[in-house]
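Please read all numbers here as calculations on a predicted model, not as lab measurements. When a residue number appears, it is its place in the shown sequence, counting from 1.
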Amino acid sequence: MWAFAFAAMSFYWAAAMSFHWNFGLASAATIGNSIVALVRAHDHRLLVILWVTGALKLAAGMLALAFVRPWGERLIPHWALLSAGWCVGVLTILYGTANLAEHALMVRGIVATPAGLGLAAARWHLWLWDPWWLTGGILFLATTLFYERESTDRRAAR
């Protein structure tokens with residue numbers, strides 16, 4: 001559900017930008033000043049990035065479903081499923097942790113906040129987006145671990 005909710009956010013921003021919905025600007029401000037400028041300019045590169053990242057997040061959701069649905073092992077080899085789950089989980093946690101540390105230093109005034117981000121967006125990252133990434137990584141690792149244990153138990157029972 002984490003990945004599908006994350007994909008929905010990307011698609012929402014892409015739709016808001018595509019249809020020039022002004023309320024898309026408010027949510028863009030939680031990402032950074034430079035993103036708001038790109039939204040206002042209707043930059044097509046950002047639009048492509050939003051649609052592509054939305055699709056990648058949907059793929060992450062399908063990967064998570066592959067762990068718990070019978071079709072998962074039929075379509076994806078066991079080793080590939082485990083490798084993908086561990087990689088996605090670890091990389092997502094590393095990304096969230098690094099950003100959390102950096103944004104905490106910015107909010108505390110220890111490190112300068114880039115103008116393209118802005119202090120308000122740094123706070124949003126610290127309290128919403130960085131924990132969101134950490135949560136996703138933890139969920140991926142937990143799902144992968146659950147799958148690994150369940151599949152080991154199933155193979156031992158044979």
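Hydrophobic cluster membership of L56, counting Ile, Leu, Val, Met, Phe, Trp and Tyr whose side-chain heavy atoms lie under 4.5 Å apart directly or via other members: V48, V52.
Counted within 6.0 Å of CH2 on W71, heavy atoms from surrounding residues, nucleotides or ligands total more than 12; the atom is thus considered enclosed.
Residues L46 and L38 approach most closely at CD2-CB, 3.7 Å, considering heavy atoms. Residues A122 and T113 approach most closely at CB-CG2, 4.3 Å, considering heavy atoms. Minimum interatomic distance between L47 and S18 (heavy atoms only, all atoms of both residues): CD1-OG, 3.2 Å. Contact between F67 and G85 at its shortest, heavy atoms only, is CZ-CA, 3.7 Å. Considering all non-hydrogen atoms of both residues, M17 and H42 come closest at CE-C, 3.6 Å. Closest approach of G136 and W2 over heavy atoms only: CA-CE2, 3.2 Å.
You'll find the side chain of F4 reaches within 4.5 Å of the side chain of M62, heavy atoms only. The shortest distance between side-chain heavy atoms of H103 and L117 falls below 4.5 Å.
Atom CD of E148 sits about 12.5 Å away from atom OG1 of T143, to the nearest 0.5 Å. Note that CD1 of I49 is 13.0 Å distant from NE2 of H44, once rounded to the nearest 0.5 Å. Here the CG-CE distance, from L65 to M1, works out to 9.0 Å after rounding to the nearest 0.5 Å.
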* Chi angles and distances behind the side chain to side chain donor-acceptor pair (under 3.5 Å) call for T30, W129 -> CA-CA 9 Å; T30 69; W129 300 119; 3.2 Å; yes
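Between W86 and F140, the ring centre distance reaches or exceeds 6.0 Å.
T97 contributes no side-chain N or O that, together with a main-chain N or O of L94, makes up a donor-acceptor pair within less than 3.5 Å. Looking only at distances, a side-chain donor or acceptor of H125 sits under 3.5 Å from a matching main-chain atom of I31. A donor-acceptor distance shorter than 3.5 angstrom exists from the side chain of N33 to the backbone of A115, with no hydrogens or angles considered. Between the side chain of T92 and the backbone N or O of G89 there is no donor-acceptor pair closer than 3.5 Å.
Every residue meeting the ring-ring contact (aromatic ring centres under 6.0 Å, His included) condition with W133, not counting sequence neighbours, appears here in chain and number order: F6, Y95.
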